[in-house]
Amino acid sequence: MNLKEINDRIRKKSAELRDVPTGRAATLPLIALIAIYSLSVVTSLPGLAVSPILGDLETVFPHASQLEIQMLASLPSLVIIPFVLIAGKLSLNVDKKKLMIWGLSLFFASSVI
């Protein structure tokens with residue numbers, strides 16, 4: 001097998017991986033599916049990041065109540081709910097890419113604060 005045949009096989013295989021069937025007649029590019037998955041992971045990160053250290057937070061913050069410590073895991077998800085509903089309404093009138101960029105910017109800015 002020469003180099004040209006190897007390159008042709010790689011090109012053919014990468015073309016097969018570019019479009020992923022969605023279960024209907026349509027297909028989505030793989031990069032779009034990765035982007036959708038990464039957005040869903042970003043929204044669940046705050047609760048997931050705190051969960052492993054919930055037990056240790058009681059010793060680090062002795063004056064915090066048990067409820068306040070547990071709210072660190074659930075509150076970010078509860079705060080996201082109204083913004084998801086607002087984004088759904090806004091997506092009817094605003095460009096979806098701009099809306100996503102503004103939403104992620106707001107999300108990252110609020111996580112820094």
Side-chain angles (χ1 to χ4, degrees):
M1 192 178 263
N2 62 18
L3 188 60
K4 185 176 180 346
E5 291 174 354
I6 293 172
N7 283 337
D8 289 342
R9 285 181 84 183
I10 290 173
R11 241 184 248 118
K12 182 180 178 186
K13 196 63 162 172
S14 67
E16 291 172 3
L17 293 175
R18 270 190 218 133
D19 291 332
V20 179
T22 61
R24 298 181 184 162
T27 59
L28 279 176
L30 181 62
I31 193 72
L33 291 175
I34 291 171
I36 292 168
Y37 177 72
S38 64
L39 287 174
S40 67
V41 167
V42 164
T43 58
S44 62
L45 265 179
L48 294 174
V50 174
S51 296
I53 60 167
L54 280 177
D56 297 334
L57 286 176
E58 203 169 306
T59 58
V60 175
F61 299 105
H63 300 295
S65 70
Q66 187 70 25
L67 176 66
E68 291 172 332
I69 292 173
Q70 289 175 352
M71 282 176 46
L72 286 173
S74 60
L75 198 58
S77 297
L78 291 175
V79 171
I80 287 172
I81 292 170
F83 289 103
V84 168
L85 297 173
I86 292 169
K89 289 288 187 187
L90 282 175
S91 70
L92 298 174
N93 302 325
V94 180
D95 181 36
K96 290 177 179 62
K97 186 175 179 181
K98 275 187 183 178
L99 185 64
M100 182 186 67
I101 290 171
W102 277 102
L104 283 174
S105 301
L106 180 66
F107 182 79
F108 288 127
S110 64
S111 66
V112 170
I113 296 174

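Just so you know, these numbers come straight off a predicted model, no measurement behind them.
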Are [Y] and [X] linked, directly or through intermediate hydrophobic residues, by side-chain heavy-atom contacts shorter than 4.5 Å (ILVMFWY only)?
{"X": "I81", "Y": "L106", "answer": "no"}
{"X": "F108", "Y": "V84", "answer": "yes"}
{"X": "I86", "Y": "W102", "answer": "no"}
{"X": "L72", "Y": "L78", "answer": "no"}

For the pair Q70 and L54, evaluate side-chain contact (heavy atoms from CB on, under 4.5 Å) and give the outcome as yes or no after the intermediate values. CA-CA 7 Å; Q70 289 175 352; L54 280 177; 5.7 Å; no
To the nearest 0.5 Å, tell me how far [X] [atom1] sits from [Y] [atom2].
{"X": "F83", "Y": "L90", "atom1": "CZ", "atom2": "CG", "value": "11.0 Å"}
{"X": "M100", "Y": "D95", "atom1": "CE", "atom2": "CG", "value": "9.5 Å"}
{"X": "L104", "Y": "L99", "atom1": "CG", "atom2": "CG", "value": "9.5 Å"}
{"X": "S91", "Y": "K98", "atom1": "OG", "atom2": "NZ", "value": "15.0 Å"}

How far apart are the closest heavy atoms of A64 and I69, and which atoms are they?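 Heavy-atom minimum between the residues: CB-CG1, 4.1 Å.
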Intermediate values then yes/no, side-chain contact (heavy atoms from CB on, under 4.5 Å), K89 and L85: CA-CA 7 Å; K89 289 288 187 187; L85 297 173; over 6 Å; no
